[in-house]
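Accompanying notes for the structure given below.
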Amino acid sequence: MASVLAVAGCIGKEPAASKASGVASAAAPKAVASAGGADYQRARYDPIHFKPAIDKATNDQCLSCHQEVLKPSVRDTSPAGGKAADAKAWYQQTSTYQGAQDTFHRRHMETTYAKQVMTMKCTTCHTGNNPRDEAPNTSADTQGMSLKLRKMADPEKTCLMCHGKMNWQVMGLPGPWETSKAMFNNNCMTCHASIRTNRHAVNFLSAKAIEEAGKSNGDVCFGCHGGRAWYQKNFPYPRHPWPGATPQVPDWAKDRPTASDVRFLDGVLTAAAGEKK
């Protein structure tokens, strides 16, 4: 009880991590793993859960406390009695997924296909979380802010990138990919070999592996561009300039950015500069 009351005294105050220096914040995350016996309430307020420390957190640091997210834990039988082996989950509908059903985090980080085309880290989706109520106007530092209630990650800025609806109307296709892919031999590269060729240059994707795999199987592209849609809206992808692109911007793209979110470019620009040398 005493420990809970001690932490409760911090409610409504600025987290220590937000005021700490860069050096102190970078070193602080090590305390999570080394503390061992730290109680849950103190662990929730560890600096690694706040900016700026979260921006430099490694997978090893995150998984030192959250290792259970990568452990196989899919039920063999559902509560209703259905066997997992007798049914296909929504993510098993495309040909790129192989094997039995698996958990959310493992599908994004541990499966063979995930390791082939993705380089996702914990901080790709999780950018810190304030344990206080995340609704607007509930504390001094949330006045006037539009926050995702109780969300550990912002789905509109992360999940939607790969789980949005395919915008086939803007692409000029005769219909949804499911009904028109035969016309293009199920190969997105038929058109995209010369259209919007500057793509996938973000630090959570393996761009070269995606491009190579996409040449022989359209499900590589469609899987993340409508084939595993969670949402009935599409993601407004940045229009990175590409060779041969016309200077005119269509009306539907006038409000779109011309570069990916800077946090997804960390390491990408450095690698690109090295290749040019």
Side-chain angles (χ1 to χ4, degrees), residues 1-75 102-110 114 118-163 203-204 230 261-264 266-267:
M1 177 63 73
S3 64
V4 174
L5 293 176
V7 175
C10 298
I11 301 297
K13 298 180 181 179
E14 187 71 14
S18 64
K19 296 181 179 180
S21 66
V23 175
S25 298
K30 296 179 181 178
V32 177
S34 61
D39 63 83
Y40 175 70
Q41 293 293 346
R42 284 183 170 80
R44 293 175 74 200
Y45 279 89
D46 190 276
I48 198 174
H49 296 135
F50 303 92
K51 290 182 177 296
I54 187 67
D55 294 327
K56 299 298 181 182
T58 65
N59 282 358
D60 286 342
Q61 288 172 326
C62 297
L63 294 173
S64 66
C65 290
H66 301 282
Q67 68 269 25
E68 78 282 353
V69 301
L70 293 185
K71 292 182 179 179
S73 58
V74 175
R75 291 174 178 268
D102 213 334
T103 59
F104 176 91
H105 286 91
R106 287 176 56 80
R107 295 198 308 270
H108 290 81
M109 299 178 70
E110 288 293 299
M118 295 184 280
T119 54
M120 296 191 75
K121 299 183 294 184
C122 300
T123 53
T124 299
C125 298
H126 299 284
T127 57
N129 178 68
N130 195 325
R132 292 177 292 185
D133 192 355
E134 296 175 350
N137 305 316
T138 56
S139 62
D141 61 354
T142 61
Q143 300 297 315
M145 297 176 67
S146 176
L147 302 176
K148 304 298 180 186
L149 186 62
R150 297 294 185 187
K151 293 292 184 183
M152 304 299 115
D154 188 343
E156 291 186 2
K157 294 182 179 179
T158 51
C159 310
L160 189 61
M161 286 190 291
C162 298
H163 294 286
N203 55 19
F204 59 88
W230 281 7
D261 191 319
V262 65
R263 75 185 187 90
F264 296 136
D266 183 28

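Note that this is a predicted model, so its numbers are computed, not measured.
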Checklist entry - Going by the angle between their ring planes, with limits at 30° and 60°, are W230 and F104 parallel, tilted or perpendicular? => result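 Ring orientation, 0 to 90° scale: tilted.
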Smallest separation among heavy atoms of [X] and [Y], with atom names:
X	Y	value
E156	L160	O-CB, 3.8 Å
S64	Q67	O-OE1, 3.4 Å
R44	F50	O-CE1, 4.1 Å
P47	A53	O-CB, 3.3 Å
T103	S73	CG2-OG, 3.4 Å
M161	K157	CE-O, 3.4 Å

What is the distance from atom [atom1] of [X] to atom [atom2] of [Y], rounded to the nearest 0.5 Å?
X	Y	atom1	atom2	result
F264	N203	CZ	CG	7.5 Å
T127	D154	OG1	CG	8.0 Å
D60	C122	CG	SG	9.0 Å
H105	L70	NE2	CG	7.5 Å

Any side-chain heavy-atom pair of [X] and [Y] under 4.5 Å:
X	Y	result
T124	T158	no
V69	M109	no
M120	C125	yes
T123	R263	no

Item to check | N59 (side chain) donor-acceptor with K121 (main chain) under 3.5 angstrom | outcome: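 Not confirmed, N59 side chain does not pair with K121 backbone.
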Checklist entry - Counting N and O atoms only, with roles assigned by atom type, does the side chain of H49 sit under 3.5 Å from a partner on the main chain of A43, one being a donor and the other an acceptor? => result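 Pair found, side chain donor or acceptor close to backbone of A43.
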Checklist entry - What's the verdict on side chain to side chain contact (heavy atoms under 4.5 Å, CB included) for Q61 and I48, showing C-alpha distance, side-chain angles and the deciding distance? => result CA-CA 9 Å; Q61 288 172 326; I48 198 174; 3.8 Å; yes
Next on the checklist: Taking side chain to side chain donor-acceptor pair (under 3.5 Å) as the definition, give me every residue that meets it alongside D55, ordered by chain and number, with sequence neighbours left out.
Outcome noted: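 Side chain to side chain donor-acceptor pair (under 3.5 Å) check on D55 returns K51.
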